[in-house]
Engineer: 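Below is the structure I would like to discuss, written out as structure tokens.
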Number of protein chains: 2
Amino acid sequence: MHDDDIANIMRALGHPVRLSILRFLASQQQRECCCGDVTESLPLAQSTVSQHIKVLLDAGLIERKPHGTRNRYMIRQDRLAELGTAFGGLIEGLNLRAPHKEAEPA
Amino acid sequence: MHDDDIANIMRALGHPVRLSILRFLASQQQRECCCGDVTESLPLAQSTVSQHIKVLLDAGLIERKPHGTRNRYMIRQDRLAELGTAFGGLIEGLNLRAPHKEAEPA
DNA sequence: AGATTTGATCGGTGAATGGCGATGAACATG
DNA sequence: CATGTTCATCGCCATTCACCGATCAAATCT
């Protein structure tokens, strides 16, 4: 993953409402979970929620599955794992690069 | 760490320039590393870089240490570790709450 | 003291973001 | 076909962001 991608995803995660949406989806994942459900769980207008959902979609963090007149959303676990790896790599890379001592015991 | 804090840090990380700055600091950590150095490593004006640095400062990701007429910056490893933990928890929490083994109710 | 260097901050500008209500497409159902 | 649902999208507006040049305070060096 490139820095731009990481930054993109981070920005998508950089809003409390979007975190709430993800958490809500996670808690409901087994069931149907449409935009209306998410909207009900938040003090925001439907259009606003839809907009946030779009951001998460564009970041590839969730997935849309049309289902009749409503859309079912679910978290993309694969991407989440990918992100976890990338983020771990980022943190790792930000660690002290040149150990001024012996490396920590493995 | 609450969602607001996480979102805050995510937003700070949600810009490629800020990632670059962090990486640069990481690569230079043992040496002196002032705003000018960072600016030289980027195609941006000094004021812009200073702004980005401020964002990272406010997010608690870096630390400023005045040193003569210049300021030395360094990554806050403690906060980085903290963030790693919080992020891991976030990903964990976003995982399927119910095991997808087989005990999956309809 | 005067000159120089560093870098944070100010003011301004254009783009992006976050919020809303309204509209309209797509689908189900009477 | 008509009606009702769902929800993505479209203005619209206020706020924030990203960038810049200019300025100014503080520390350092003649």
Side-chain angles (χ1 to χ4, degrees), chain A residues 3-25 28 31-76, chain B residues 3-25 28 31-76:
Chain A
D3 263 14
D4 279 346
D5 307 312
I6 296 184
N8 231 7
I9 297 182
M10 291 299 170
R11 216 175 7 176
L13 292 177
H15 195 291
V17 165
R18 260 146 14 213
L19 290 182
S20 297
I21 293 178
L22 286 177
R23 287 197 205 280
F24 181 78
L25 287 183
Q28 302 280 323
R31 327 176 175 219
E32 58 210 73
C33 200
C34 60
C35 179
D37 296 332
V38 180
T39 301
E40 272 182 20
S41 79
L42 292 169
L44 292 172
Q46 177 266 322
S47 56
T48 304
V49 172
S50 192
Q51 199 68 11
H52 281 298
I53 284 179
K54 181 165 168 40
V55 173
L56 292 173
L57 267 176
D58 289 346
L61 290 171
I62 63 177
E63 162 182 31
R64 164 160 52 200
K65 192 168 65 172
H67 193 260
T69 159
R70 57 187 75 189
N71 291 325
R72 183 170 305 178
Y73 290 100
M74 50 177 51
I75 292 184
R76 286 189 53 182
Chain B
D3 267 11
D4 279 345
D5 305 314
I6 296 184
N8 230 8
I9 296 182
M10 291 300 169
R11 218 177 15 197
L13 291 176
H15 196 291
V17 166
R18 249 119 55 188
L19 290 181
S20 297
I21 292 177
L22 287 177
R23 286 197 203 281
F24 180 78
L25 287 183
Q28 302 280 326
R31 325 173 177 226
E32 59 210 70
C33 199
C34 59
C35 178
D37 297 332
V38 180
T39 301
E40 272 182 21
S41 78
L42 293 168
L44 292 172
Q46 177 265 322
S47 55
T48 304
V49 173
S50 192
Q51 281 284 66
H52 281 299
I53 284 179
K54 180 166 171 39
V55 173
L56 293 172
L57 267 176
D58 288 346
L61 290 170
I62 63 177
E63 163 182 30
R64 164 159 54 199
K65 193 169 63 173
H67 193 261
T69 159
R70 54 188 78 189
N71 291 325
R72 183 171 304 178
Y73 290 100
M74 48 177 52
I75 292 185
R76 286 189 53 182

Engineer: Between N or O atoms, less than 3.5 Å apart, protein on one side and nucleotides 6-13 of chain D on the other: list the pairs.
Structural biologist:
from: D:dT6; atom 1: OP1; to: A:R70; atom 2: NH2; distance (Å): 3.3
from: D:dT6; atom 1: O4'; to: A:T69; atom 2: OG1; distance (Å): 3.2
from: D:dC7; atom 1: OP1; to: A:C35; atom 2: N; distance (Å): 3.4
from: D:dC7; atom 1: OP1; to: A:N71; atom 2: N; distance (Å): 3.2
from: D:dC7; atom 1: OP2; to: A:G36; atom 2: N; distance (Å): 2.8
from: D:dA8; atom 1: OP1; to: A:R64; atom 2: NH1; distance (Å): 3.4
from: D:dA8; atom 1: OP1; to: A:N71; atom 2: ND2; distance (Å): 2.8
from: D:dA8; atom 1: OP1; to: A:Y73; atom 2: OH; distance (Å): 2.2
from: D:dA8; atom 1: OP2; to: A:S50; atom 2: OG; distance (Å): 2.4
from: D:dA8; atom 1: O5'; to: A:R64; atom 2: NH1; distance (Å): 3.1
from: D:dA8; atom 1: N7; to: A:Q46; atom 2: NE2; distance (Å): 3.0
from: D:dA8; atom 1: N6; to: A:Q46; atom 2: OE1; distance (Å): 3.2

Engineer: With sugar-phosphate meaning primed atoms plus P, OP1 and OP2, does A:R18 contact a base, only sugar-phosphate, or nothing at under 4.0 Å between heavy atoms?
Structural biologist: sugar-phosphate
Engineer: Check every nucleotide of DNA chain C for an atom under 4.0 Å from a heavy-atom of chain A, then give the first and the last such nucleotide from 5' to 3'.
Structural biologist: C:dT17 to C:dA28
Engineer: Might you point out which heavy atoms bring A:C33 and A:F24 nearest each other, and give the distance in Å?
Structural biologist: SG-CE2, 3.6 Å
Engineer: Determine which pairs satisfy side chain to side chain donor-acceptor pair (under 3.5 Å) with at least one residue from residues 35-46 of chain B, sequence neighbours left out, and list them in order.
Structural biologist: none
Engineer: In Å and rounded to the nearest 0.5 Å, what is the CG to OG distance from A:L25 to A:S20?
Structural biologist: 11.0 Å
Engineer: Report, one line per pair, each donor and acceptor closer than 3.5 Å where one atom sits in a side chain of residues 4-14 of chain B; sequence neighbours left out.
Structural biologist:
from: B:D5; atom 1: OD2; to: B:H2; atom 2: N; distance (Å): 3.1
from: B:N8; atom 1: OD1; to: B:R11; atom 2: NH2; distance (Å): 2.4

Engineer: Show every salt bridge (Lys or Arg N to Asp or Glu O under 4.0 Å) that has at least one partner inside residues 60-73 of chain A, sequence neighbours left out.
Structural biologist: none
Engineer: If you define the side chain from C-beta out and look only at heavy atoms, does anything of A:N71 sit under 4.5 Å from A:P66?
Structural biologist: yes
Engineer: Cut-off 3.5 Å, no hydrogens considered: what does the side-chain donor-acceptor table look like for residues 49-62 of chain B, sequence neighbours left out?
Structural biologist:
from: B:H52; atom 1: ND1; to: B:R18; atom 2: NH1; distance (Å): 3.1
from: B:K54; atom 1: NZ; to: B:D58; atom 2: OD2; distance (Å): 3.4

Engineer: What is the separation between atom NE2 on B:H67 and atom C1' on D:dT28, rounded to the nearest whole Å?
Structural biologist: 13 Å
